[in-house]
Number of protein chains: 2
Amino acid sequence: MDAIDLRLIDLLRDNARSSYAELARQVGLSAPAVHERVGKLEAAGTIRAYRAEVEHEAIGLGVTALIGIVEDSGADTDDVLSALRVMPEIESCYFMAGVESYQLTVRVGTIAELEQLIVRINRTRGVASTRTAIALSTKWENRPQPGLDPTAG
Amino acid sequence: MDAIDLRLIDLLRDNARSSYAELARQVGLSAPAVHERVGKLEAAGTIRAYRAEVEHEAIGLGVTALIGIVEDSGADTDDVLSALRVMPEIESCYFMAGVESYQLTVRVGTIAELEQLIVRINRTRGVASTRTAIALSTKWENRPQPGLDPTAG
DNA sequence: TGAAGCCATGGACGCCATCGACCTGCGCCT
DNA sequence: AGGCGCAGGTCGATGGCGTCCATGGCTTCA
């Protein structure tokens, strides 16, 4: 993981469909060299996936909400987690410091579906309560921030 | 936007680096046809970008936090927003229903940097208060959910 | 100082992106 | 009802790209 690797990561976070030839031009290496570096970054898990970012309204998932979950005292966190994991509406799931153990980002088509999802989560064993906030609009999302060299500074 | 477009979007959300030939095989069309469909989805803004998903720890951004912002009564929301927009640490920004007008996902390298960011946000004109919760671990993030045909059902 | 391993280079080859030409099915207008 | 026009598809060709391989230089360690 050197400066060139970081540069490659930044380029791929900006446009994951760049060709290796294009990446090579940008970092001043040959295409095979870039190919090998990117392959190693993937193998090491540094690059996890390449994803298209989508206008959610267009695919029928126009309602975004954030849900905080308070666990029962003595609840089995792994049980709660595995129950959450099978709900496809949950786009992101963070385990948090604070009263609310989990913070979710969820994506559904309608408010009615959101209501059903909340009910389902509240019924889950180990969940004491939830707190839901609806996003009225998304100003921006997943804006990539240039990486910093962890070995520098 | 038909079933094939939705399928293409799902495939690209799963692997944004799929070749057009591969996509064509999966949806049963020719490569040029797929190329044209994807181009139109991009032009229409349905596909916004292609991004590599990264292990944030590896690029020196291992601290994730969620910040809620309460605005001053009478604050100019556009001013607050443009102040937030220039802070690169803010990965996502939602305008919310509820007491907290904005909900942010932020990414920094250290707790010290998080502290500085919080101070900076609190000093911003129009911001009354903030509430920060730190993510201890990320269970999953940006998990793509298959799109639904908005014209169906 | 010598050896070994890692990595970039450059060439070769097969696949892919992409363009143009043609075809087909559908809607509309006369 | 028939013909025109368009949207969107396949097919074929070509140039560029991905990917593998052998070679050579640099660094590092004994």
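In what follows, chains are A, B, ... by sequence order, proteins preceding strands, each numbered from 1.
- Listed pair A:Arg17 / D:dC17 fails the phosphate criterion, with no side-chain N or O lying under 4.0 Å from OP1 or OP2.
- Nearest to the side-chain atoms of A:Arg37 among the listed nucleotides C:dA8, D:dC11, D:dG18 stands C:dA8.
- One atom, CG of A:Leu29, and another, P of D:dG18, lie 14 Å apart when rounded to the nearest Å.
- When distances run from any side-chain atom of B:Ser19 to the nucleotides C:dT18, C:dC16, C:dT9, the shortest one goes to C:dC16.
- Which of C:dT9, D:dT19, D:dG18 sits closest to the side chain of A:His35 comes down to D:dT19.
- A 6.0 Å sphere centred on CD of A:Glu115 holds no more than 12 heavy atoms belonging to other residues, nucleotides or ligands.
- In this structure, B:Lys40 does not reach the D:dA7 phosphate: none of its side-chain N or O atoms is under 4.0 Å from OP1 or OP2.
- As a whole-Å value, the separation of A:Glu22 CD from C:dA17 C1' is 15 Å.
- Checked for salt-bridge contact, B:Arg85 and B:Asp78 miss the test: no charged N lies under 4.0 Å from a carboxylate O.
- Closest approach to the B:Ser30 side chain among D:dT10, D:dG18, C:dT18 is made by D:dT10 (side chain taken as heavy atoms from C-beta onward).
- Rounded to a whole Å, the OH atom of B:Tyr20 is 20 Å from the C1' atom of D:dC11.
- Per the geometry, CD belonging to B:Glu36 stands 12 Å off C1' belonging to D:dC6, to the nearest Å.
- B:Arg120 and B:Glu89 are joined by a salt bridge, as a carboxylate oxygen and a charged side-chain nitrogen come within less than 4.0 angstrom of each other.
- With C:dA17, D:dC17, D:dT19 as the candidates, the nucleotide lying closest to the side chain of A:Arg25 is D:dC17.
- Rounded to an integer number of Å, the gap from CG of B:Asp5 to C1' of D:dA7 is 14 Å.
- Under the 6.0 Å cut-off for aromatic ring centres, B:Tyr102 and B:Tyr94 do not qualify, their centroids lying 6.0 Å or more apart.
- Distances from the side chain of B:Pro32 to the nucleotides D:dT10, C:dC16, C:dT9 place D:dT10 closest.
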